Each structure stands twice: as structure tokens, then as C-alpha cells.
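Below is one structure; the comments refer to it alone.
Residue numbers start from 1 in every chain, and the chains themselves are labelled A, B, ... in the order their sequence lines are given, proteins ahead of strands. This one's a predicted model, so the numbers in the text were calculated from it and none came from an experiment.
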Number of protein chains: 2
Amino acid sequence: MTGPRIRQAALRLFARHGYAAVSMRQIASEVGLQAGALYNYTPDKQALLLSLMTGHLEDLLARSARAEGTGPAEARLEAFVRFHIAYHLDRPDEVFIAYMELRNLEPDHFAQVEALRRRYEDRLEAILAAGRDEGVFDVPDTKIATLAVIAMLTGVTTWYRPAGRLSADAVAGLYWDMVRKTVAA
Amino acid sequence: MTGPRIRQAALRLFARHGYAAVSMRQIASEVGLQAGALYNYTPDKQALLLSLMTGHLEDLLARSARAEGTGPAEARLEAFVRFHIAYHLDRPDEVFIAYMELRNLEPDHFAQVEALRRRYEDRLEAILAAGRDEGVFDVPDTKIATLAVIAMLTGVTTWYRPAGRLSADAVAGLYWDMVRKTVAA
DNA sequence: GGTTGATCTGAACGGTTGTTCAGTTAATCT
DNA sequence: AGATTAACTGAACAACCGTTCAGATCAACC
């Protein structure tokens with residue numbers, strides 16, 4: 001029980017205040033422990049951050065593969081967009097950490113996380129390339145288009161609030177419209 | 001002379017390692033000073049960060065107003081996109097800090113910075129609304145489109161490297177193509 | 001040449017950091 | 001009932017934090 005509670009508290013605090021600004025004592029106090037007890041569950045603070053990041057990215061990869069399915073490129077793109085938004089709106093803290101705390105990772109750990117993120121980007125690029133081959137997309141540079149679309153979609157986490165005027169589904173619909181036009185032939 | 005050198009060192013270090021992870025002693029050592037000397041140029045660390053952020057955002061606002069000019073909405077949008085990318089690729093550290101260190105600002109300072117950013121977003125939203133009124137843009141929700149376009153454009157700073165295969169102008173051209181299609185009627 | 005005023009040093013302040021560890025606690029198993 | 005084991009405490013460690021300030025330094029002015 002304690003392990004997951006520590007991860008959850010660390011996730012919340014890292015997202016809220018940043019990795020460097022959060023102390024092990026703050027995390028421990030959130031869970032009702034002394035700082036020393038945390039070291040039964042993580043070798044050190046850095047490993048805790050890395051584990052949160054890789055856990056999130058591996059989950060993202062597994063779920064996106066399941067959501068995308070097979071079929072024509074446009075259908076796969078729509079599935080990707082809707083999945084990406086739904087997933088990101090559901091896990092704002094994980095997302096925030098995964099691309100905000102990269103600079104607090106030691107070089108080895110950074111490379112590890114970066115490889116996972118690259119695999120996710122490659123999934124989208126493959127869809128764009130397939131659509132271009134099918135003749136339904138007009139994408140002069142699939143790499144740049146991939147990064148542009150992902151940046152646009154991920155940006156939703158910076159302003160979306162569940163109590164706002166738009167539901168998550170409505171937001172996904174608006175973004176899908178924009179992405180569709182962006183890559184349209 | 002010393003004042004600007006301190007700001008420049010702080011900018012570089014904050015962007016590289018994050019505000020919370022950088023100590024006043026590190027900044028001072030970068031400039032060849034003792035930590036105490038910094039307090040001749042800033043009342044405290046927080047004010048140094050705030051000054052870097054507001055300085056950048058005010059510069060961004062002033063220059064974007066100059067770049068945008070007057071004319072039909074589509075021309076103003078193209079000017080906005082090309083300006084935004086050129087400016088952001090020229091000042092990666094400032095940009096990085098301005099939307100990465102928001103959570104390290106005290107509430108009053110946060111509101112101050114957020115107001116400046118909002119004014120910049122409003123400039124783009126006004127262009128999109130004008131284009132919709134002219135009938136040349138199809139934008140069902142100007143607020144969401146504004147945020148989506150800015151996120152897409154700003155994302156360029158996460159991957160662009162001056163020595164890469166694309167020049168800044170080429171990148172701006174690709175992004176303008178995508179933005180044009182995104183809002184096209 | 002003496003004085004002023006800005007600039008910077010170097011030490012000190014109280015407090016916090018990540019991490020370790022001997023020892024207490026409490027639950028589980030034989 | 002006694003032994004084993006995992007979980008946790010509480011204190012300690014050396015290092016570092018932002019900030020203050022008395023005094024040294026040194027160029028510019030009268």
C-alpha cells in the first residue's frame with residue numbers, strides 16, 4: 001500500500017512545485033511517514049522521478065498501440081488524436097512531469113526517457129507517412145508535422161480545466177478538426 | 001556591465017537546470033563574483049527570475065506589435081507566425097524560462113506574468129477573429145484555435161537546432177503552411 | 001591628496017537538503 | 001509463546017541554501 005501512495009504523493013508534488021523544489025521530507029509528510037522510510041521503496045530521489053516518467057511513458061505507449069488499431073491512415077490519425085487528448089487530460093500530472101523534468105535527469109536516465117518518447121512520436125509519424133502514401137495527406141515533412149501536431153495536442157494540458165466550458169470530448173473534437181485540416185491533401 | 005552579465009548568467013543557468021536547482025553561488029561564480037555581490041543588482045533571487053520573465057514578455061509584445069502591421073487577416077497571421085518562430089528560435093533560453101518557471105513565481109508575480117502572456121495570446125486571437133469576420137478563416141472556437149496554434153509554434157523550440165537540416169526560415173515556411181491550412185475556410 | 005561613493009569580499013546566520021542507520025514497533029509464522 | 005521479518009522512527013551526518021553585513025578595495029571627484 002505504501003509504495004503506490006509514495007509515488008502518488010511524489011507525482012502530485014513534483015508536478016505542482018517541480019522536482020528540485022520538493023524535498024523528501026515533504027513527500028514523506030504527505031504520506032504520513034518520516035523521510036527515512038521512503039528509502040524502503042526507492043533507492044534515491046532521482047530513481048523515484050525516473051520511475052514515474054518511464055511508468056507513464058510505457059503506459060502511454062501500450063495504450064496508444066491498443067487505441068490506434070488498423071485501417072486507413074485517416075481513421076488511425078483520428079484515433080491517435082482522440083486517444084492522445086483523452087489520455088493527457090486524464091493524467092495532467094504525469095504529462096507535466098514527463099516533459100518538464102527532463103533536465104533534472106542524469107544523462108543515462110535522460111536517454112532512456114527520450115527513447116520512449118521517440119517511440120511514441122514514431123507511431124504518429126508512421127501514420128502521417130502512410131496517409132501521404134495513400135494520397136490522403138499532404139505532408140511535405142513528416143518529422144516536422146509529427147512534432148507540430150504533438151505539440152499542438154499536448155498544449156491542451158496547459159489550459160484545460162474539467163469545470164471549464166468545454167467537455168473533454170468537445171475539446172478532442174475541435175482538435176481533431178484542426179489536425180485533419182493541417183494534414184489534409 | 002555587471003548587471004547584464006548577471007542576468008545573462010542567470011538566464012542560461014535557469015534555462016539549463018531550472019530555477020530551483022540553481023543557487024545564487026552558481027550564478028555569482030559564472031560571473032566571477034561572490035554570492036553577496038549579486039544583491040547589489042537584485043533584491044533577491046525571486047526578483048531576478050521575475051525580471052527575466054517580464055523583460056522577455058514585454059520585448060515579445062513590443063516586437064510582435066511592430067512585426068504584425070496592418071492589412072488583411074491572412075497577411076497579419078503570416079507575419080505573426082513568421083515573427084513568432086524567428087523570435088523564439090533566437091531566444092530559446094528566455095522562452096524556456098517564461099513558461100517553465102511559472103510555478104516558481106509567487107502568486108502576485110505569477111498574475112503579473114500571466115497578464116503579459118494573455119495580452120500576447122489576445123493579439124493572435126484578434127487576428128483569427130478578424131479573418132473569420134472577413135470570411136477567409138474557418139475557426140469555430142477562436143480561443144481554442146489561438147492556444148492550439150501558439151502551442152504548435154512554440155513547440156519548435158524543443159527540437160530546433162541551428163546546425164540541423166533545416167534553416168530557421170525553412171522551418172517558419174513549413175509551420176506557416178500548416179497554420180494556414182489549420183484555419184483555412 | 002584626501003574624501004566620497006560604489007563595488008565587492010569573506011565570513012557568518014539560521015535553516016534545509018538527501019541520505020544513513022541503530023533501534024523501536026508490530027504483525028506473521030512456527 | 002517465542003522467533004522472525006518487514007516497516008518505520010528519530011536522530012545524526014556533511015553539505016548546501018538565500019541572505020546579511022562589516023570591512024576592504026579602488027576609481028572618480030574636489
Side-chain angles (χ1 to χ4, degrees), chain A residues 1-55 93 97 100-110 112-113, chain B residues 1-55 93 97 100-110 112-113:
Chain A
M1 283 269 23
T2 308
R5 287 182 62 215
I6 290 174
R7 295 172 57 87
Q8 196 183 338
L11 186 73
R12 224 178 58 93
L13 288 170
F14 288 165
R16 207 83 83 224
H17 309 292
Y19 172 77
V22 172
S23 71
M24 296 298 269
R25 282 170 181 82
Q26 281 175 58
I27 299 172
S29 139
E30 193 90 349
V31 188
L33 295 175
Q34 295 296 319
L38 301 183
Y39 291 83
N40 290 325
Y41 301 92
T42 181
D44 51 33
K45 193 187 176 188
Q46 170 86 198
L48 182 52
L49 174 62
L50 176 65
S51 151
L52 290 173
M53 284 181 157
T54 56
D93 288 346
I97 288 178
M100 210 84 163
E101 301 295 357
L102 286 169
R103 58 185 168 183
N104 289 115
L105 254 27
E106 291 155 16
D108 285 2
H109 299 157
F110 177 84
Q112 199 176 328
V113 170
Chain B
M1 284 268 25
T2 308
R5 288 182 60 214
I6 290 174
R7 293 171 58 87
Q8 196 183 337
L11 187 73
R12 222 179 58 93
L13 289 170
F14 287 166
R16 207 83 80 225
H17 309 291
Y19 172 77
V22 172
S23 72
M24 295 299 269
R25 283 170 180 83
Q26 281 176 59
I27 299 171
S29 138
E30 192 90 350
V31 189
L33 295 175
Q34 295 295 320
L38 301 182
Y39 291 84
N40 290 324
Y41 301 92
T42 181
D44 53 32
K45 191 187 177 188
Q46 170 87 195
L48 182 52
L49 174 62
L50 176 64
S51 152
L52 290 172
M53 285 181 158
T54 56
D93 288 346
I97 288 178
M100 209 85 162
E101 300 295 357
L102 286 169
R103 59 185 168 184
N104 288 115
L105 254 26
E106 291 155 15
D108 285 3
H109 298 158
F110 177 84
Q112 198 174 328
V113 170

Next item on the list: Let me know, please, whether A/Ala21 or B/Leu38 comes out on the 5' side of the other along DNA chain C by nearest nucleotide.
Entry: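 That would be B/Leu38.
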How close or far is atom [atom2] of [N] from atom [atom1] of [X], stated in whole angstroms?
X	N	atom1	atom2	result
A/Met24	C/dT19	CE	P	6 Å
A/Lys45	C/dT19	NZ	P	8 Å
B/Gln26	D/dC16	CD	C1'	10 Å
A/Asn40	C/dT20	CG	P	12 Å
B/Leu49	D/dG18	CG	C1'	15 Å
A/Tyr19	C/dT17	OH	C1'	12 Å
A/Leu33	C/dG18	CG	P	15 Å
A/Leu48	C/dT19	CG	P	10 Å

Indicate the atoms forming the closest heavy-atom contact of [X] with [Y], along with that distance.
X	Y	value
A/Gln46	A/Glu106	OE1-N, 3.0 Å
B/Ala47	B/Thr42	CB-OG1, 3.7 Å
B/Met53	B/Leu102	CE-N, 3.8 Å
B/Phe14	A/Arg103	O-NH1, 3.3 Å
A/Phe110	A/Leu105	N-CB, 3.9 Å

May I ask you to verify if any side-chain N or O of [X] is less than 4.0 angstrom from the OP1 or OP2 atom of [N]?
X	N	result
A/Ser23	C/dT16	no
B/Gln34	C/dC8	no
A/Thr2	D/dA7	no

Margin query: Closest approach to the side chain of B/Arg25, judged atom by atom: which nucleotide of C/dT19, D/dC17, C/dT17 is it?
Written below: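 Per side-chain heavy atoms of B/Arg25, the pick is D/dC17.
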Item checked: Minimum-distance nucleotide (side-chain atoms of A/Asp44 versus C/dT17, C/dT9, C/dT19) -> C/dT19
Check: NA contact type, B/Gly3, heavy-atom cut-off 4.0 Å: base, sugar-phosphate, or nothing?
Finding: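 Nothing, no nucleic acid heavy atom in range.
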Next item on the list: Would you mind classifying the nucleic acid contact of B/Val22 as base, sugar-phosphate or nothing, using non-hydrogen atoms under 4.0 angstrom?
Entry: sugar-phosphate
Notebook entry, point to check: Do other residues, nucleotides or ligands put more than 12 heavy atoms under 6.0 Å from B/Glu30 CD?
Noted result: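 Counting neighbours around CD of B/Glu30, more than 12 heavy atoms of other residues, nucleotides or ligands fall under 6.0 Å, so yes.
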Next item on the list: If a protein heavy atom is under 4.0 Å from the base, mark B; if only from the sugar-phosphate, S; if neither, -; do that for nucleotides 20-29 of chain D going 5' to 3'.
Entry: B---------
Item checked: Lys/Arg-Asp/Glu bridge criterion (N-O < 4.0 Å) met for B/Lys45, B/Glu101 ->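 Salt bridge between B/Lys45 and B/Glu101, a charged N being under 4.0 Å from a carboxylate O: no.
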